[in-house]
Amino acid sequence: MKKAQQKIKEQGTVLIIAVVTSVLLMGVMVSLIEVSYAGHHQVKSDVQLAQNMYLAEGASEHLRVELVNDYRQSRMTLRNWLEGVRSGDRFAGDENYSGHDTTTVAEVSALGSGAGWIDTNAIASLSSVASADNGSVDLRSTSVGQRISFGSADIFNLAFLSSRTDCMFCHLQVDGDVGSLDFFRPGWGIEGSSGRGSGTGSTINGNVYVAANVSMDDTDLDGDPSRVNGTEVTGDIEVNYAGPKLPADLDGDGAPDFPTINPDVARLNASGALSGGSITGITEGGHFRNEDDREALTSIDSTHEGNLVLVGTTANPIHIEGNVFVSGDVIVKGVVTGRGALYSGRNVYVAGDLGYANGPREPSSGEDPDEVAQENIEAEKDEWRLAARSNVVLGNYTNVDDEGNSLPIKDRQEEDFFRTQFNLYDDGFFDHTTGQELKRRDQKFYDDQGNVIPYENVVQSDKYDATLKPAYVKDDGTTDLWLTDQEYREILGTQELKDNTYRMNLKGGGQEVVQTLLDNGFTQAEIDTLRPGWNDQLAANLSGDLVGPDYNITLKKVNEGLHHYPDQVERVDAFLYSNRRIAGKTSGTNLSINGGMISQEIGILAPGRRKFGWMGGYRFDYLTGVGERANPRNGELYQHLAVNYDYRLRNGGFGFDLVQGNVGRRLAWIRNERSAELEVNNDDE
């Protein structure tokens, strides 16, 4: 009996253990199922969140492409286009790019000049996950935004940009960054040969960006300051540079493509105004000398068809507000005020000093120039930008007298320099219907916009007259000046300078050289006094005793005493931009350009007046140098040619908004993986 009871008791214990074990196993299974379900729920949620992220990014990128394409196809300036987006006239409301996503323009940068950005926002909420406890749906929408740049071209962060520098850097001080579209060798001479160290005396207070390489002559890139052929550089020097500071290589030839101004876009987007001062309009095809072609204007609204002469005074300055387009040439001098850009369909001539009436405050020692620039923008100080489809010419270019005869060589030094600097000796190709200079390539003729010009429009004309003078190019290749040399000199006015210097290029045999000197006002006695500067054989030829081989002689001469010259440009308060060239020459004085210069080619000679090595000999040792002068903008001392960057251009000041920059560049992504957690009732499912 006891054994039976013991057996029953053992069986009961086993049963209890089995039951307990089953319950425990069931609990473990339930826990595993719950964990598995929760894990599956989380994995599914994470997958769906990732899907949302990709969808939102795709929608945001779609909107970026739509914005960029709309801007490029609108033919509007950045200023006008951004205003359309800002006001809601363009891209207003939500866009639905994938059937599930809401994409909007979230914010547009404040009204500025040529700088701007757009923030976009894309929200994706495709996924829904059923909650285990209450049957509701947890929607975790994903927000992705990006800031898209529509800023002005980064090249306007530079004080100086060109493909050519040549001897300008024998006497140049730049405050700001410098860019070179080609090999950079400041100074004169030939690499590895002549002119080593000829950039000595020039300085660049900033960085240098070079599309190619730099000279190895008298160069130390690791020094402090660095040095390139003698020119001192306080900042960094980047060679073989392909970043945004220089124009992009659009045609894939390995070289930057200069961003030219399109005159059609300029005309379409000109919405500014000119007023004040003296404004003289010359009708299209008209001449300044004809009263019927000349009109005194009180103002110009947006555009002017024809040529324009602007003269401002302290009492009555020329005032600009916004973009103004002139189809022909623009001549400007004197006192100016306002904030804007004046675009010319051909050339801009700065016919004397150009100064602000309400100029910006300059940073003192130790001040951040960018902070001061922002202060000046806030105070609405004067900002002028001058742009030309062809050329910007500073000061005198004239070479003939009232009768059309060549002036003596001493009175046409500008012509001598310009022809040499820009190779303007022979005939060139021009479109007689527009007057535009053409380039010949692959048996075709192209204008500055890359358009192929029909053969019937192409004529050959003198490069100098058709390029640098205020002229119409006729269908027979001759030029018709709408403003004569004498009329331009009258606008310039005159200036008295003492003991100036000039040079003459004398070519040919001895008798021809003597005749050239005689034709240019030299007496035989004066010719005889030149002999000590040359060797005996040449002196004999100059005296007419021999007829020897041809000579190519450069005669450097002192013009003694006080003489009247066309007014010299000593100050330009504006940023200068041109598709082709910026040209200028001062005689016996210094020049400060307070803004900057950008062009495919720049040639400005402002050496001041000093005692050169060749003056140490016979009859030259009395000539004294001009020395340092005070910049009329800020009182700082400088010598020769100074280019001072207007830091407002890179801080949102008035810029050249007709030149597109790096449009569509993504400045930043703004991601929020769980931008909103919403409880949505699921009763209807």
Side-chain angles (χ1 to χ4, degrees), residues 277-282 287-289 294 307-314 316-318 326 328-336 342 344 346-355 384 386 388 391-419 464-465 467-471 481-498 500 502 559 562-574 576 578 581-593 603-609 632 641:
S278 169
I279 303 176
T280 304
I282 295 87
H287 298 80
F288 186 82
R289 56 190 171 275
R294 197 172 64 235
N307 305 301
L308 207 59
V309 178
L310 306 171
V311 180
T313 64
T314 302
N316 190 15
I318 294 289
V326 179
D329 295 318
V330 174
I331 296 173
V332 59
K333 68 174 292 186
V335 183
V336 296
L342 182 57
S344 163
R346 189 173 177 272
N347 291 346
V348 170
Y349 300 88
V350 180
D353 283 356
L354 193 72
W384 268 61
L386 297 176
N391 308 284
V392 174
V393 181
L394 307 181
N396 190 32
Y397 59 81
T398 64
N399 59 358
V400 298
D401 61 18
D402 298 356
E403 306 299 324
N405 301 313
S406 291
L407 295 169
I409 291 176
K410 66 182 178 62
D411 294 329
R412 47 187 170 97
Q413 290 294 288
E414 294 80 11
E415 177 195 20
D416 176 70
F417 173 62
F418 295 152
R419 286 191 187 273
Y464 188 83
D465 287 356
T467 296
L468 293 187
K469 289 194 175 185
L481 300 182
W482 69 263
L483 187 75
T484 66
D485 283 21
Q486 176 61 25
E487 289 168 338
Y488 185 74
R489 284 193 294 269
E490 290 174 359
I491 294 173
L492 277 172
T494 58
Q495 182 175 358
E496 198 172 51
L497 295 172
K498 183 181 179 182
N500 198 17
Y502 66 94
N559 207 19
L562 289 171
H563 293 269
H564 286 91
Y565 296 87
D567 198 29
Q568 305 301 303
V569 178
E570 299 182 56
R571 172 187 183 181
V572 178
D573 289 351
L576 309 177
S578 75
R581 307 171 188 84
I582 298 177
K585 183 182 186 301
T586 65
S587 180
T589 184
N590 299 339
L591 168 63
S592 62
I593 297 174
I604 297 179
L605 189 62
R609 177 156 43 85
L641 173 61

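If you read the sequence from its start, that first residue is 1, and numbering goes on from there.
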First locate atom CG of L310, then atom CD1 of I318, and finally report the distance between them rounded to the nearest 0.5 Å. 5.0 Å
What pair of heavy atoms forms the shortest contact from S344 to G328, and how long is it? OG-O, 2.7 Å
When you measure from the side chain of D329 to the backbone of N307, do you find a donor-acceptor pair of N or O atoms at a distance under 3.5 Å? no
Atom of V392, atom of S578 and distance for their closest heavy-atom approach: CG2-CB, 4.0 Å
Listed partners of K333 passing salt bridge (charged side-chain N to carboxylate O under 4.0 Å, His left out), at least two apart: none
Working to the nearest 0.5 angstrom, can you tell me the gap between H563 NE2 and T494 OG1? 14.0 Å
For V309 and W482, work out which heavy atoms get closest and say how close. CG2-CH2, 4.2 Å
Which value, rounded to the nearest 0.5 Å, describes the distance between N347 atom CG and T467 atom OG1? 8.0 Å
Step-by-step side-chain contact (heavy atoms from CB on, under 4.5 Å) determination, L481 to E487: CA-CA 10 Å; L481 300 182; E487 289 168 338; over 6 Å; no
Check this for me, if you would: do D353 and R571 make a salt bridge, where the nitrogen-to-carboxylate-oxygen distance has to be below 4.0 angstrom? no
Option from Y488, F418, Y464 for which ring pair (Phe, Tyr, Trp, His ring centres under 6.0 Å) with Y397 holds: Y488
Value for OG1 (T589) from CD (E570), rounded to nearest 0.5 Å, stands at 3.5 Å
In sequence, state the C-alpha distance, the side-chain angles, and the governing distance for L342 and W384, and then conclude on side-chain contact (heavy atoms from CB on, under 4.5 Å). CA-CA 8 Å; L342 182 57; W384 268 61; 4.3 Å; yes
Does any pair with a residue in residues 405-414 pass side-chain hydrogen bond (donor to acceptor under 3.5 Å, both in side chains), and if so which ones, sequence neighbours excluded? N396-E414, R412-E415
At what distance, to the nearest 0.5 angstrom, does CG of L576 lie from CG of L354? 9.0 Å
With no hydrogens and no angle check, is any side-chain donor or acceptor of D567 less than 3.5 Å from a backbone partner on G352? no
Can N391 and L468 be said to form a side-chain contact (heavy atoms from CB on, under 4.5 Å), step by step? CA-CA 7 Å; N391 308 284; L468 293 187; 4.1 Å; yes
Are I593 and L394 side-chain neighbours, meaning at least one heavy-atom pair lies under 4.5 Å? yes
I491 versus A351, closest heavy-atom pair with distance: CG2-CB, 4.0 Å
Going by side chain to side chain contact (heavy atoms under 4.5 Å, CB included), V350 matches just one of V393, V330, V572. Which one? V572
R346 and P470: which non-hydrogen atoms are nearest, and at how many Å? NH1-CA, 3.8 Å
Closest non-hydrogen contact found for Q568 with L497 is CG-CD1, 4.2 Å
Mind checking the NZ-OG1 spacing from K469 to T398? Nearest 0.5 Å is all I need. 7.0 Å
